[in-house]
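Report on one structure; see the data block that follows.
FYI, side chains are in, hydrogens and waters are out, and symmetry mates aren't considered; it's all heavy atoms of this structure. A note on names: the letters A, B, ... follow the listed sequences, proteins ahead of strands, and every chain is numbered from 1.
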Amino acid sequence: MTRSRRGAGAAVLAAVTAAGLASCGSAHAGQAIPSAPPIRLSLATSADYPDGSWAVLVMGGSTAQHNNFWQVFVRPGQAGAWKLATPLGVASNGGIAVAAEGGPALAAAIRPSQNLSFSPVASSSDNGVKWAQAGLLDAPLAGYPDALAAAPDGGLIALTRTGDVELRAHPGAAWTRLASEHTVAVAAGRGCLPAQLTSVAYSPSGAALVAGACPREGQAGIFRLAGGHWSRTGPVLPAALARRDVEVLQMARAGRTVAALLAVGRGPAARLLGAWSNQDGTSWSLSQPYQAGPARPLSAAFGRSTSGTGSSGRGSLGVLLSGGRAASVSGPGAPWRSLPVLPAGASSRPDGGATLAAVPGGFEALTARGSQLSVWALSSGSSAWDRSQVINVAIPYGSSS
Amino acid sequence: MSGMGSTLQLTNPTVVAAFRSALIHQGIVALLIFFLLAMAWVSAREWVPGSRTSSGPPAEGRPAEPRGRQLIRIGFGVLWILDGLLQAQPAMPLGLAANVTEPSADGAPGWVRGLVDFAARGWTYHPVNAAAAAVWIQIGIGIWLVTAARGPWSRLGGLASVGWGLVVWIFGEAFGGIFAPGLSWLFGAPGAALLYAVAGALIALPDRAWAGPRLGRAVLGGTGLFLTGMALLQAWPGNGFWSGTVDGKPGSLASMVQGMAQASQPRFLSSLVNAVGTFAAGHGFAVNLVLVVALAAIGLALASGRRAVLRPAIGLLLVLCAAVWVVVQDLGVFGGLGTDPNSMIPFALVAVGGYLALAEAPAPAEEPGPAKAPAPAEARAPAEAPGPITPAGPRLGWRDRLRPGRLAALIGNASPRTLGAIGALGMAIIGVIPLAAASASASASPILAQALDGSSAPLDFKAPAFTLTNQHGQTVSLASLRGKVVLLTFLDPVCTSDCPLIAQEFRQADHLLGGRSRQVELVAVVTNPVYTQSEYTAAFDRQEHMSTLPNWQYLTGSVAQLEKVWRQYGIAAQTLPAGGMIGHNDIAYVIDRSGQTRTELNFDPGPGTSSTQASFAGELSTAAQQTLGSS
C-alpha cells in the first residue's frame, strides 16, 4: 500500500470512528413535539362545609421543597376571620388533604414526604382547634387535591398514589381496598379503560363517587358505586364539545350536591365546565363553557348548595387561574364571569400558594407569600380584591431537613 | 434535634484533620522507607567487596535514553507528582466522589454510571484512606518514573502508570466521557488519564522499540487519526458546536468557557477566559470553523508521516494545546476540586515524544518490513543487558537471590535511581495497604459518623426502668431484656427525615453483628406525643422492613408513660407548630447485660447517604461488641 493510500484509509477510518462516536454521544434532534399535557391542579384546595370553610395552601419561601409546609386554615361558622388549624405532630411538607365529616368534625390525611411512605390521619371535632391521631392510610395519599372525602356517616374514602380507592367504613375501622383504577374502569365499561383517577367524593345520599380521566373523547370519567358495582355517571357533554378529551380536575361534595370542575380539550383551547349532580350522583347538569386561554387553572372552590333540587339551589364554583386571574359561575346553565385579578406578587409560590375559598356570600382568596397569609375579600360590586386579614405563620424551616 | 440534621461539608474539620493526620503518618513511613533503603545501600556497599566502586551498571556500551522517551517519562512523572499533590487538597476525601467522579458520568450509559457509582461508593465509605491512597500512589508513580531512567524498573514504572491511569480513566473519569453526549477534544476527550496510560505503555516498551522510527511514526499516526476524528466530531451538527448561542443562551463551547471564567482564579485569567467566552458566544460559527480546520489539518499532517509537514504541525498543535489549556480548560486546576491539569499537557507530551522518536531515529535506507526490521546492535544491547538490580552471571533461583550475601550484593550494586524507584513503589504501597484493609470491612469508616458529631461518651449508671408495649401489642420492660445488650434509641414513627435513617442504621448494625446479634436487643421508644398508637409503630416497621428482625422492639405507651421515659433518658421532644414534625434528640444508648448504661452515642444521621449510614452502623455495632465483650 502506498503512503497516499494509507493516508486516505486513515482518514476514512477516522471519519467512521468519529461518526460512530458522534452517533452514540450526541443528542438526537428532530424529536416529535408532544401534545399538550393533561391539566394538573395544584394541591391547594378549599371547601365550604356546614360549620364553616377550610382551605389548604403551601407556605414558606424556601427553594428546598421539603422546607415549605402545607397549612390548614379554618373560618368557622359565621366568623369573618380565618385561623391557622394545621394538625400537629407530623411534617406537612408533602401536603394535606382535608375532608369535612359533618358539623365541626374534620379529617386530615397527611401526604407523605421524604422518607415517610404512609399517610397518618388526624381528626378534629372542633373545627381544627385540636387534632388527634385517627389511624393511618397504609399507602401514600395521591397527589390530587380531592384525594380524601368524608361520608355523611363518618366513613372516609381515599385515593392512593397507586390508584387504589381505600375505604375506612367508620372511625377506628381498618382501611380496606374499595377499588382500583382498573376495576373501576372495567366495571364501568370498556369505553373508559384505562381511567386515571383524580378525585373521590361522597354524594349527599352516601354513594361513593370517583372521577378521573377517560380516554374516550367526549366522556367525563365520573363513576358511582351502587350495589357493589361501578357505573359511569358522568355528565353528557354538549355536542359542540363531544369530540374532545375530558378531564375531571376536581370533584367534591358541596352541601346537597356534588360539584366538579371539568376541562374539555387541551392547551389554550381547553374549555372549563362546572358540573353539579343531584343528591345521589346519578344525573349531572353543566355550566356554560369557559375558555381560560393561556391561563392555567390552579384550584377550584365549590360553594355549598342548600337545596338538592333545581338550579337555583346549586352552589357556585370559583376557579383560580395562573397569573392571579379568577372566574366563577353561579350554577348549571349559568355563564361564567371573570373575577378581579389578584394583586401582583400576592403569592410567592405559583403552585399551591393561593386558592379561592367559598364563604357565605361569595368567594375569598387566600394567598401565601413566604410566611405571611393574606385573605382577600371581594365586596359586592367591587372591581378589586381588598386585603381583609393577614396571618403570620411561624414556618418551621429546617424541621424536615 | 431530629429533623435538624446536619450536612457533611466538604471541608468538615474532623475529616480534614483525619486526612492530614493520615498523610503525615504515611509520609513519615515513606521517608522511613527511603531512609532504610539508603542505609541498606550504604551498609551493603561497605559490606560487599567491590561494590563501593560501582554505582549501578556500567554506562559504557549503553546508549543514552531516547529523548522522546525521556520527555514522556519525566513529563508524566512530574504530572503524576503534581496530581498527587492536588489529591492532597483538604476537600478531596469528601469531595472527589460527589463533585468530580459522579458528575463525570452524567449523561453516560447506565453501565458506565454503574462502574463509576461502584468506585464512588468505595471512596465514600473510606474517604480518608482512599484519598490518602490516591496521593501516595500518584506521587509514588511520579517519583518512580522520574528516578528510574532505564531498564526493568523504568519499564515497570511505565506499567504502573498504565494500570493506575486506566483505573482513574474508567472509574474517575467515566472513560473520559467518550460515551456521553458532547464529546470534544477541547473539553478533555479522550480523558487525561487515558493519556497517562498511553504514556505508561510507551515507557514500558522495550528499548528496541525506541531504536527505530516506527514507534514515533505510530504515535504520530495515532495522534493524527485521533485529531482528525475529533475534527469531525467538532464539525458534527448534532453536537451543537456551530452555534454561539442557543435560544439566547451560550452554546456548548461558549457555556463551557464562560463556566470556567466563574471559577476562583486570578483576575487576569478570569478576564481573559471571560472575553474568549463572550467572543465564542458572538462568533460561534467562525470559532468552530477555525477549530475544525486546525484539528483536521494537524491531524492529517501527523497521520501522513511526512517529515516536511510534521514539524510545523507539531508546532501548531503545541500552540493550539496551550490556547485550549488556558482559555477552555482553564489550566485544569481552578475551581472546584482540580485533580490534574486536564488533557492538553499530556496530549502535547505524547505528541512531542512521538515526534522526537521519529525525528531523532536514524533514517533507514529503505522502509523496513515489520518482521525483518533489524534493530541496531547498540539499541538491542540494553534490552538484553541485566537491569540495574539484576546481577550479572547465570540465572539464579529466588532462594539464591534471597541469600544474605546475594541480597547485599544486589543492594550494593543497585544505582541510586533504582533505589529511588523501589522507594517510590513502597510509597505507593503505603497508600494501598490501609485502603485495602479498610475495604475488607463491610461497614464504612467511623470518621463519617464522627464528622457528623456522632460522638460517643462512656457512661456508667443504672438504666432507668420502663414498661411499654411493643409493635405486636406485647408488654416489654427493660428488666425483661436483662441478659442481653440493649441498643436503645428514640424514634418518631411518622418522622419524614432522620428516624427512618436511624432505623436503617440499626438494621445494618444488626447485620454487622452477625451471629452475636442474638445477644443484642434493638429497642426504640416512640418519641411523638401525638402519634403514639401501635399501628404507627407497625407501619413504621413495615416501611423500614424492621419486622424481619427478631430482636427489634418498637415500644410505645400512653403519653404519660412515654414522657416519663423521655425525661429519664434526657430526651426532649418538642411539638413544632405549623406543620413541623416533632423535634427530638437523635441519641442511642448501649445498655449492658446487667442493665448498666455503658455508652451514649450521638446519632444525628446527617445527610443519610449510604456511607454515613454504614459508618453509624459500624459505630453502633462496635459499641455493642465492646459491651458484649466487657460484660
Check whether Pro493(B) gets within reach of chain A through its side chain, its backbone, both or neither, counting any heavy atom under 4.5 Å. backbone

Closest-packed option against chain A by number of heavy-atom pairs under 4.5 Å, given Ala539(B), Pro500(B), Gly299(B): Ala539(B)

Smallest heavy-atom separation, Glu535(B) atom then Leu136(A) atom, equals O-CD2, 3.4 Å

Heavy atoms under 4.5 Å from chain B: which residues of residues 161-172 of chain A carry them? none

Which one wins on heavy-atom pair count under 4.5 Å against chain B: Ser113(A), Pro87(A), Gly135(A)? Gly135(A)

Validation row: Leu501(B), Asn115(A) side chains within 4.5 angstrom (heavy atoms): yes

Which atom pair, heavy atoms only, marks the closest approach of Ser92(A) to Ala578(B)? OG-O, 4.4 Å

Can you check whether anything in residues 116-123 of chain A gets within less than 4.5 Å of chain B, heavy-atom wise, and list it by number? Leu116(A), Ser117(A), Phe118(A), Pro120(A), Val121(A), Ala122(A)

Less than 4.5 Å to any heavy atom of chain B: does that hold for the side chain of Ala132(A), its backbone, both, or neither? neither

Segment of Val393(A) engaging chain B (4.5 angstrom heavy-atom cut-off): side chain

Among Leu576(B), Asn528(B), Thr575(B), which residue satisfies the side-chain contact (heavy atoms from CB on, under 4.5 Å) criterion with Leu88(A)? Thr575(B)

Flag, side chain of Tyr531(B) to backbone of Ala134(A), donor-acceptor distance under 3.5 Å: no

